[in-house]
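Notes follow the structure.
We're numbering straight along the sequence, starting at 1. Nothing here was measured: the structure is a model prediction, and the numbers come from that model. Order of listing sets the numbers, starting from 1, for every ligand and every atom in it.
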Amino acid sequence: MAAKNLAKSRVLHRSLRETPPKAIGGEGIWLIREDGRKVLDASGGAAVSCLGHQHPRILEAMAKQASKLAYAHTAFFTSEAAETLADQLVGHEPGGLAYVYFVSGGSEAIEAAIKIARQYFIEAGQPKRHHFIARRQSYHGNTLGALSAGGNAWRREPYAPLLSQSFSHVTPAFAYHEKRDHESESDFVARLAAELDAEFQRLGPDTVAAFIAEPVVGATAGAVTAPEGYFRAVREICNKHGALLILDEVMCGMGRTGTLHAWEQEGIAPDIQAIAKGLGGGYQPIGAMLTTNRIVDTIRQGSGAFQHGHTYLAHPLACAAALEVQRVIQEENLLDQVKELGKHLEKRLTERFGSHRHVGDIRGRGLFQAIELVEDRATKKAFDPSLKLHQRIKAAAFEGGLGCYPSGGTSDGKHGDHVLLAPPYICTPDDIDMIVERLGSAVDSALKSINH
Ligand SMILES: Cc1ncc(COP(=O)(O)O)c(C=O)c1O
């Protein structure tokens with residue numbers, strides 16, 4: 001394929017054959033292109049922009065922080081912004097999470113989670129624990145540790161020789177594809193729990209440090225919630241074997257599903273949690289690893305330091321932006337709004353796609369929902385991956401003024417297409433209607449382009 005506009009940009013873009021249009025502004029739920037066209041940001045990029053764009057309170061908080069202090073290295077200093085944000089997040093010790101380690105994004109948060117789990121066991125006198133069990137069709141980030149944890153086949157494939165052998169993968173709690181036809185939901189949960197337990201046994205239960213999972217699977221499978229009781233079963237298995245539970249809420253957390261933490265709706269809490277995207281809402285690059293007194297106290301009484309670090313830990317400007325994002329969410333009761341708008345989104349998606357012959361599943365929670373496209377609803381047969389249906393939908397949607405997040409490889413890393421929606425929490429019901437209408441047109445036009 002010929003390179004388009006290649007001479008114009010020296011940025012190594014995601015596609016090396018095309019330069020994307022320039023975004024020159026933002027306003028609430030809208031992004032503005034250089035040619036003046038507006039794009040409704042229905043996925044907040046990748047579930048990032050929870051307050052939309054150019055929110056005046058966040059801009060003001062950032063300007064204030066920048067005018068005082070933009071950066072101070074954490075080897076020498078802490079900052080007011082980091083301390084206040086930590087108090088805001090874990091001052092009340094939600095689910096026993098009492099400390100926070102601020103990093104620059106989701107992958108770094110996962111790296112920190114993996115490392116603190118490992119270091120905790122070394123210092124707790126259990127150095128044999130170095131295995132991590134994760135799930136197929138998961139995504140935990142693109143750095144090598146996070147990629148080792150992730151179970152997404154195509155993302156792992158080129159780097160397979162570089163990935164750690166300490167990670168193994170079990171079946172995801174993905175009912176649409178993994179639950180057998182005559183299996184009840186509770187039997188499905190029991191089967192997944194038995195498989196996880198068997199994986200502990202295979203590895204040697206006293207060698208497993210942690211199980212890692214996304215409470216609601218995001219990018220790789222499209223807003224997949226677990227069946228009732230799954231996370232309670234997983235928590236019990238971890239407890240039984242003395243392993244930790246790491247929850248990756250990089251995408252599904254910070255209010256996206258209607259509660260600040262997605263695990264609140266599962267009746268359990270993790271030992272370690274990764275957050276990012278909605279933490280700073282895209283105003284600054286920031287992620288965080290949250291953990292418990294038990295883990296921190298063990299290390300404090302042992303070596304006395306978490307043996308990890310980056311230059312931009314707890315960046316003051318990033319912390320100030322995230323603090324204001326979290327204050328806005330709290331003060332404006334946006335979690336209630338996410339719940340209400342989530343119901344509206346589900347209703348509208350069901351009206352538009354519920355009997356669509358190529359939409360096999362509509363799923364998700366809160367403002368984190370997806371549709372999965374299939375060639376045949378009865379058999380759940382996916383479209384031929386070479387048709388790249390998800391890319392066609394993305395292009396048609398963008399052309400029609402809608403930003404959404406379609407991906408392929410939904411069921412097994414190769415087959416399947418879905419579209420993920422993660423609209424800003426500040427949407428109105430009318431905005432949701434417009435999102436669904438534009439998505440409907442994009443899906444139909446993409447299907448038409450492959451003669452369906
Ligand atoms: C669940 C999950 N974990 C980790 C990451 C990695 O985050 P980042 O891209 O900020 O490194 C992502 C990114 O999409 C994610 O969705």
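- Scanning the protein heavy atoms around atom 10 (O) of ligand 1, the nearest turns out to be G106 N, 2.8 Å.
- Separation of the H308 and F306 ring centroids falls under the 6.0 Å cut-off.
- Among protein heavy atoms, atom 16 (O) of ligand 1 sits closest to M251 CB, 3.5 Å.
- Proximity to E214 (heavy-atom distance under 4.0 Å) selects the following atoms of ligand 1: 1 (C).
- Ion pairing between E266 and R365 holds under the 4.0 Å rule for side-chain N and carboxylate O.
- Applying the 4.0 Å criterion to heavy atoms of G105 picks out, from ligand 1, the atoms 10 (O).
- Applying the salt bridge (Lys or Arg N to Asp or Glu O under 4.0 Å) criterion to R438, with sequence neighbours excluded, gives no partner residue.
- Scanning the protein heavy atoms around atom 5 (C) of ligand 1, the nearest turns out to be V250 CG1, 3.6 Å.
- In this structure, K38 has no salt bridge (Lys or Arg N to Asp or Glu O under 4.0 Å) partners at least two apart in sequence or on a different chain.
- For the pair R363 and D361, the salt-bridge criterion is met [side-chain N within less than 4.0 Å of a carboxylate O].
- For ligand 1, the atoms lying closer than 4.0 Å to a non-hydrogen atom of K277 are 12 (C), 13 (C), 14 (O), 16 (O).
- Using a 4.0 Å cut-off between charged side-chain N and carboxylate O, R202 and E199 make a salt bridge.
- Here the protein heavy atom with the shortest distance to atom 9 (O) of ligand 1 is S107 OG, 4.4 Å.
- Among all protein heavy atoms, the one lying closest to atom 3 (N) of ligand 1 is D248 OD2, 2.7 Å.
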